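Basis for what follows: all heavy atoms, side chains included, without hydrogens, waters or symmetry-related copies. Just so it is clear, the structure is predicted and the values come from calculations on it, not from any experiment. Start at 1 with the first residue, then count along the sequence.
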Amino acid sequence: MELQVGKQIQVDCNGLGHNGEGICRYDGLAIFVPFVLPGEKVEIQITQLKKRYASGRLIKVIEPSKERVEPPCHLFGACGGCQLQHLSYKKQLFWKQRQVSDALERIGKLDGIKVKPVIGMNDPWHYRNKMQLPVSGVPKKVKIGCYETGSHRVTDTDTCLIQTEWNNRLLAKVREVADSLGIEPYLEREGKGWLRHVMGRSNSRGQGVLVLVGKDKDLPGGKEAWQEAFEGFPGLVGIVLNVNSEQTNVVIGRDNHLISGEETLIEALDGKDFVISATSFFQVNPQQTEILYKEAVRMAGLTGKETVLDAYCGTGTIALFLAGQAKNVIGIERYLGAVEDARVNAKNNGISNCKFWVGNIEEHLKTLTTLKLDVVVVDPPRTGCSPETLAALHATGAKRFIYVSCNPATLARDAAWLFAQGWKIKEVQPVDMFPQTSHVETCVLLSHKNSQASSPSL
């Protein structure tokens with residue numbers, strides 16, 4: 001039977017894709033279908049047909065997987081925030097381990113790499129300390145929530161089961177205030193309206209900061225109205241206006257304006273306090289972050305004599321974890337604001353053996369190669385490291401390389417590059433930072449036989 005868009009067929013599912021969709025087969029063609037699980041027989045409708053693959057929509061589950069569970073969230077399937085609530089948590093961890101292993105084998109062409117079981121959570125709910133949600137609707141009927149799967153239509157969300165309870169209370173309050181003030185939601189296509197996104201950042205102490213992302217600095221209702229509306233809101237330490245005037249899908253703009261209170265929040269990790277600026281990067285799952293960073297420290301094998309480079313140091317979290325067991329730690333970060341936060345965090349925690357530099361690795365390579373680095377640690381964005389950055393890190397002469405990644409595909413690509421330069425993977429430990437979603441964090445240890453590696457050609 002020839003496939004065509006709109007055709008309904010029965011297929012078996014035998015795997016999960018990197019976005020959590022089921023991978024089905026029909027006459028050898030892979031068909032990606034959301035909300036379908038391995039081991040299931042399903043009826044689907046073809047929605048897209050390409051030469052090498054197709055996409056489909058689930059019509060009916062004919063034979064369900066034993067691992068299929070009832071999603072606890074009534075918005076699951078419409079809201080695009082979670083992809084795996086219908087799969088038992090034990091099997092979520094299994095498939096995330098498989099995702100890392102498959103990426104190393106298929107993308108990195110690295111055979112025989114043992115990937116350890118994923119370190120999961122005892123309670124895989126209400127873990128996200130950062131809420132960043134788009135806004136739509138009309139005045140007096142504001143919608144705030146995640147986008148629907150595969151679209152830019154907002155699913156109005158009353159509560160989110162992976163957000164902290166504080167963020168959920170904040171979400172309800174913001175919707176109430178926005179409606180009472182007649183706030184006009186931003187319309188992306190037309191570039192009209194004002195309120196674009198709502199961000200809530202909370203900590204383990206039950207405190208948080210509200211960030212309103214608006215089209216301009218003219219806050220509807222004025223400061224006084226927002227201050228009065230949120231007066232007495234439990235744990236709120238500050239309200240910040242972030243201005244994003246560009247007609248773009250980038251969420252955060254460059255300028256912050258303090259509406260009330262404080263612009264920063266303090267979170268504790270492993271007995272250390274970290275200052276988090278309203279719009280700066282910080283891991284969204286503090287419980288699993290401690291585990292992840294402790295894995296990085298363990299893999300580094302520090303004795304107190306080593307000089308360590310944290311190549312994407314951000315606000316200094318990993319660097320300060322390493323500092324307690326290293327002789328010296330150097331953190332490098334291209335964003336000045338993050339470096340300033342890192343320096344404050346080191347000072348506040350009484351840590352004096354950390355230095356933080358602004359810039360790219362390549363800019364500081366000449367200095368780094370004179371320091372006789374022992375360990376390099378990287379925690380890059382989802383895009384991974386550029387070849388130029390990898391070459392610079394390789395040229396430092398370090399013996400151990402710790403790669404922390406939130407994207408198995410770019411991890412595998414970069415690991416293959418390092419492998420070609422003589423680096424060997426010694427350990428791969430995934431950590432589930434994002435339960436109920438398809439994402440996974442991974443910590444990898446690589447070692448090099450040469451203590452002073454020459455810089456390869458690019």
Side-chain angles (χ1 to χ4, degrees), residues 100 103-104 108 110 113-116 118-119 269-270 281 283 288-333 342 353-356 361 364 368 371-386 389-408 410-419 421-431 433 440-451 453:
V100 176
L104 290 172
L110 301 169
I113 304 297
K114 179 182 178 181
V115 177
K116 290 186 172 183
V118 181
I119 300 175
L269 293 177
D270 194 34
F281 172 78
Q283 294 282 9
Q288 294 296 88
T289 296
E290 278 198 22
I291 292 173
L292 178 71
Y293 290 173
K294 286 180 178 179
E295 285 296 306
V297 173
R298 179 185 62 79
M299 289 182 183
L302 303 175
T303 65
K305 300 178 181 179
E306 294 83 5
T307 298
V308 182
L309 171 66
D310 180 0
Y312 292 81
C313 70
T315 57
T317 46
I318 295 181
L320 298 187
F321 267 69
L322 294 162
Q325 299 184 35
K327 180 180 179 181
N328 294 299
V329 179
I330 299 165
I332 298 180
E333 170 62 51
N353 62 334
C354 275
K355 304 297 180 185
F356 296 100
I361 305 301
H364 297 285
L368 290 172
L371 295 177
K372 296 182 179 179
L373 295 176
D374 300 288
V375 182
V376 165
V377 180
V378 299
D379 185 6
R382 288 189 62 81
T383 52
C385 300
S386 68
T389 297
L390 288 174
L393 294 171
H394 174 73
T396 62
K399 300 176 183 178
R400 273 163 289 168
F401 196 120
I402 314 297
Y403 196 126
V404 180
S405 171
C406 61
N407 186 342
T410 54
L411 165 65
R413 179 201 67 198
D414 292 350
W417 190 98
L418 291 166
F419 181 83
Q421 314 309 322
W423 291 89
K424 306 296 182 185
I425 293 179
K426 297 296 184 180
E427 188 176 352
V428 181
Q429 178 61 72
V431 176
M433 297 278 283
V440 62
E441 200 92 7
T442 310
C443 192
V444 179
L445 168 63
L446 304 98
S447 67
H448 202 284
K449 60 183 179 181
N450 298 325
S451 60

Are side-chain heavy atoms of [X] and [Y] found at a separation under 4.5 Å?
{"X": "L320", "Y": "C354", "value": "yes"}
{"X": "P430", "Y": "V115", "value": "yes"}
{"X": "W417", "Y": "C385", "value": "no"}
{"X": "C313", "Y": "I332", "value": "no"}
{"X": "M299", "Y": "Q429", "value": "yes"}
{"X": "P381", "Y": "F281", "value": "no"}
{"X": "T442", "Y": "V431", "value": "no"}

Using every non-hydrogen atom in the two residues, find where [X] and [Y] come nearest and quote the distance to one decimal.
{"X": "L322", "Y": "A300", "result": "CD2-CB, 4.3 Å"}
{"X": "N353", "Y": "A326", "result": "ND2-O, 3.1 Å"}
{"X": "A103", "Y": "P408", "result": "CB-O, 3.5 Å"}
{"X": "L393", "Y": "A311", "result": "CD2-CB, 3.9 Å"}

Taking the side chain from [X] and the backbone from [Y], do they hold a donor-acceptor pair closer than 3.5 Å?
{"X": "D270", "Y": "E290", "value": "no"}
{"X": "Q288", "Y": "M433", "value": "no"}
{"X": "H448", "Y": "Q421", "value": "yes"}
{"X": "D310", "Y": "A319", "value": "yes"}

Original post:
Stepwise, does the side-chain contact (heavy atoms from CB on, under 4.5 Å) test hold for L368 with I361?
Top reply: CA-CA 9 Å; L368 290 172; I361 305 301; 4.2 Å; yes
How many angstroms lie between atom [atom1] of [X] and atom [atom2] of [Y], to the nearest 0.5 angstrom?
{"X": "K424", "Y": "I113", "atom1": "NZ", "atom2": "CD1", "value": "9.0 Å"}
{"X": "F321", "Y": "T289", "atom1": "CZ", "atom2": "OG1", "value": "8.0 Å"}
{"X": "F401", "Y": "T396", "atom1": "CZ", "atom2": "OG1", "value": "8.0 Å"}
{"X": "D414", "Y": "Y403", "atom1": "CG", "atom2": "OH", "value": "3.5 Å"}
{"X": "C443", "Y": "R298", "atom1": "SG", "atom2": "CZ", "value": "8.0 Å"}
{"X": "I402", "Y": "L445", "atom1": "CD1", "atom2": "CG", "value": "4.5 Å"}

**OP:** Can you sort out the partners of D379 under side-chain contact (heavy atoms from CB on, under 4.5 Å), two or more places apart, ordered by chain and number?
**Re:**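 Partners of D379 by the side-chain contact (heavy atoms from CB on, under 4.5 Å) criterion, ordered by chain and then number, come out as Q283, Y293, I318, V404, E441.
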**OP:** Could you go through the salt bridge (Lys or Arg N to Asp or Glu O under 4.0 Å) check for K116 and E295 one step at a time?
**Re:** CA-CA 12 Å; K116 290 186 172 183; E295 285 296 306; 5.6 Å; no
Original post:
Yes or no on side-chain contact (heavy atoms from CB on, under 4.5 Å) for V297 and Q325, after CA distance, side-chain angles and deciding distance?
Top reply: CA-CA 8 Å; V297 173; Q325 299 184 35; 3.5 Å; yes
Subject >> side-chain contact (heavy atoms from CB on, under 4.5 Å) partner of V444, chosen from I425, V100, L104 >> reply: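 Looking at I425, V100, L104, the match for V444 under the side-chain contact (heavy atoms from CB on, under 4.5 Å) is I425.
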Subject >> Electrostatic pair D374:R400 at N-O distance under 4.0 angstrom >> reply: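 No, D374 and R400 are not salt-bridged.
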Original post:
Would you call E306 and K372 a salt bridge, using N to O less than 4.0 angstrom?
Top reply: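 Here E306 does not pair with K372 in a salt bridge, since their nearest N and O are not under 4.0 Å apart.
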**OP:** Decide side-chain contact (heavy atoms from CB on, under 4.5 Å) for V308 and N328; before the verdict, give the C-alpha distance in whole Å, the side-chain angles of both, and the deciding distance to 0.1 Å.
**Re:** CA-CA 6 Å; V308 182; N328 294 299; over 6 Å; no
Original post:
What residues form a ring-ring contact (aromatic ring centres under 6.0 Å, His included) with F356, not counting sequence neighbours?
Top reply: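 ring-ring contact (aromatic ring centres under 6.0 Å, His included) check on F356 returns nothing, list empty.
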